[in-house]
Structure formats: structure tokens, C-alpha cells
Amino acid sequence: QKDGDKELSDFVNLGFLADARIDKKLPPGTRVTVRLENKGKISKGNKRARGKAVPPSEPRAVAGLYWGYTVRMASSLPEIWNGCEYPGGY
């Protein structure tokens with residue numbers, strides 16, 4: 001994909017005064033986890049990084065990092081603990 005290919009890529013706000021071009025076109029307001037290229041380095045003259053949209057589980061699965069949180073619906077108060085997906089519970 002080339003820089004000028006706007007149909008297959010998009011810019012996302014990284015939240016620290018920088019944007020990144022990613023490999024997917026997303027609807028406005030979509031939350032996305034981005035793996036940055038070049039170890040996340042952004043050149044001084046250009047506040048745009050390059051990255052790839054990845055599953056939200058990637059930072060935890062690949063690097064063992066805590067990254068955000070997930071939510072689920074529980075049908076009752078006891079279901080909060082009984083339906084825990086983690087071995088050994090919370």
C-alpha cells in the first residue's frame with residue numbers, strides 16, 4: 001500500500017499530540033489498538049507515525065502488558081464472580 005492510497009488506510013489520533021497512519025479504513029470515532037512501526041518513534045518535523053491496527057488483546061498476549069480493560073454483562077450479582085473468565089477468579 002502506498003502513502004497516497006487513502007482508501008485502504010486512515011489516520012488515527014494516538015492521544016499524545018500525534019497521529020498515525022494505519023493500514024485500515026475505519027469509521028470516525030472507532031477505538032483501535034495500534035502497533036507502531038519504528039519502535040513508536042515520531043520524527044520531530046512530522047507528528048505522524050506509522051502503525052498497524054491490531055486486536056486489543058495483542059499488547060497483553062505478545063508483550064505481557066496490561067492495556068486497558070474489557071467489560072462484560074452479568075445477569076446477577078453472583079454472576080460477576082461465577083462467570084469470571086480468568087482461572088482462579090478475580
Side-chain angles (χ1 to χ4, degrees):
Q1 142 186 343
K2 297 178 182 177
D3 274 349
D5 193 353
K6 294 179 182 174
E7 297 299 317
L8 300 176
S9 64
D10 218 338
F11 284 103
V12 295
N13 182 282
L14 298 177
F16 48 84
L17 301 177
D19 295 331
R21 181 182 288 277
I22 60 169
D23 60 331
K24 293 184 178 184
K25 189 77 173 164
L26 300 171
T30 302
R31 185 177 177 130
V32 63
T33 301
V34 177
R35 181 187 332 121
L36 296 174
E37 296 176 2
N38 300 323
K39 298 181 183 179
K41 293 181 181 174
I42 302 169
S43 64
K44 291 184 181 183
N46 184 3
K47 289 192 170 192
R48 290 195 175 139
R50 291 184 153 280
K52 181 178 182 180
V54 297
S57 60
E58 184 170 303
R60 183 180 60 254
V62 174
L65 301 172
Y66 170 77
W67 198 261
Y69 57 90
T70 57
V71 296
R72 66 181 174 85
M73 295 294 293
S75 58
S76 66
L77 196 55
E79 182 61 24
I80 293 172
W81 292 275
N82 297 334
C84 176
E85 63 184 76
Y86 304 108
Y90 294 112

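The analysis underlying the following values was restricted to heavy atoms, covering all of them including side chains, and did not include hydrogens, waters or symmetry mates.
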Exercise for review: Measure the shortest side-chain to side-chain distance between Val34 and Val12 over non-hydrogen atoms and say whether it is less than 4.5 angstrom.
Suggested key: yes
Study note, to complete from the structure: Here the gap from Lys24 atom NZ to Thr30 atom OG1, rounded to the nearest 0.5 Å, amounts to 11.0 Å
Check your understanding: Can you get from Leu36 to Val54 by hopping between Ile, Leu, Val, Met, Phe, Trp and Tyr side chains that sit under 4.5 Å apart?
Key -> no
**Study point:** Separation between CD of Glu79 and SG of Cys84, rounded to the nearest 0.5 Å
**Key:** 10.5 Å
Exercise for review: Please answer whether the main-chain N or O of Ala53 pairs with a side-chain N or O of Asp23 as donor and acceptor at a distance below 3.5 Å.
Suggested key: yes
Point to revise | Closest heavy-atom pair and its distance - Thr33, Pro56 | key: OG1-CA, 3.4 Å
Check your understanding: Between the main-chain N or O of Glu58 and the side-chain N or O of Arg35, is there a donor-acceptor pair closer than 3.5 Å?
Key -> no
Check your understanding: Is any side-chain heavy atom of Leu26 less than 4.5 Å from a side-chain heavy atom of Val32?
Key -> yes
Check your understanding: Counting only heavy atoms not in Arg31, do more than 12 sit closer than 6.0 Å to its CZ atom?
Key -> no
Study note, to complete from the structure: All heavy atoms of Arg21 vs all of Ser9, minimum pair found to be NH1-OG, 2.7 Å
